[in-house]
Amino acid sequence: MAIDISKLDEGLNKLRGLDFEQCEAQERAAGNTFPELSFNKSFQARLAARALDVPTADIKELPLKQFAKVTQSVFNFLFNTSDTETPSEKSEE
């Protein structure tokens with residue numbers, strides 16, 4: 001399975017609120033009862049799959065290190081964080 005993770009940010013930027021709500025509904029229908037789905041790896045994987053236009057299973061079947069990188073990228077996108085930002089850069093927003 002070849003997934004082009006380099007296109008994840010571009011795909012996430014194209015998503016709309018409706019995409020988020022649909023992914024949330026699908027995650028709930030799948031039985032996820034996590035109180036705040038934005039913090040949940042399974043939901044983050046579903047959003048990544050939507051952004052990359054691949055089945056969610058393809059994301060969940062990635063090697064662990066790559067899966068962690070994908071879900072962390074979604075988290076960073078949702079919460080406007082970055083591994084490269086310093087605390088002073090975050091406070092300037």
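No hydrogens, no waters, no symmetry mates; every other heavy atom, side chains included, goes into these values.
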>> I'd like to check the side-chain contact (heavy atoms from CB on, under 4.5 Å) partners of Phe20; sequence neighbours left out, ordered by chain and number.
In response: Glu24, Ser38, Phe43, Leu47, Leu78
> Under a single-linkage definition using a 4.5 Å side-chain heavy-atom cutoff for Ile, Leu, Val, Met, Phe, Trp and Tyr, are Leu18 and Phe77 assigned to the same hydrophobic cluster?
Replying inline: no
>> How long is the straight-line distance from CZ of Arg50 back to CG of Leu15, given to the nearest 0.5 Å?
In response: 7.5 Å
> Under the ring pair (Phe, Tyr, Trp, His ring centres under 6.0 Å) rule, what pairs show up with a residue in residues 47-67, not counting sequence neighbours?
Replying inline: none
>> To check you understand the geometry: which heavy-atom pair defines the closest contact between Ala45 and Thr71, and what is its length?
In response: N-CG2, 4.2 Å
Could you give the side-chain donor-acceptor pairs of residues 26-33 under 3.5 Å, partners two or more places apart or in another chain?
residue : atom : partner : partner atom : Å
Glu27   : OE1  : Arg46   : NE           : 2.5
Glu27   : OE1  : Arg46   : NH2          : 3.1
Glu27   : OE2  : Asn32   : ND2          : 3.0
Glu27   : OE2  : Ser42   : OG           : 2.5
Arg28   : NH1  : Asn32   : O            : 2.9
Arg28   : NH1  : Phe34   : O            : 2.8
Arg28   : NH2  : Phe34   : O            : 3.0
Arg28   : NH2  : Pro35   : O            : 3.4
Asn32   : OD1  : Phe34   : N            : 2.9
Asn32   : ND2  : Asn40   : OD1          : 2.9

>> Are the side chains of Leu52 and Ile59 in contact, using a 4.5 Å heavy-atom criterion?
In response: yes
>> Does Asn13, at its CG atom, have more than 12 non-hydrogen atoms belonging to other residues, nucleotides or ligands within less than 6.0 Å?
In response: yes
>> Nearest 0.5 Å, please: how far is CZ in Arg16 from CD in Glu21?
In response: 13.5 Å
>> Please enumerate all residues that pass side-chain contact (heavy atoms from CB on, under 4.5 Å) together with Asp9, with sequence neighbours excluded.
In response: Leu12
>> Glu10: which residues meet the salt bridge (Lys or Arg N to Asp or Glu O under 4.0 Å) condition with it, sequence neighbours left out?
In response: Lys14
>> Please enumerate all residues that pass side-chain contact (heavy atoms from CB on, under 4.5 Å) together with Ser73, with sequence neighbours excluded.
In response: Leu8
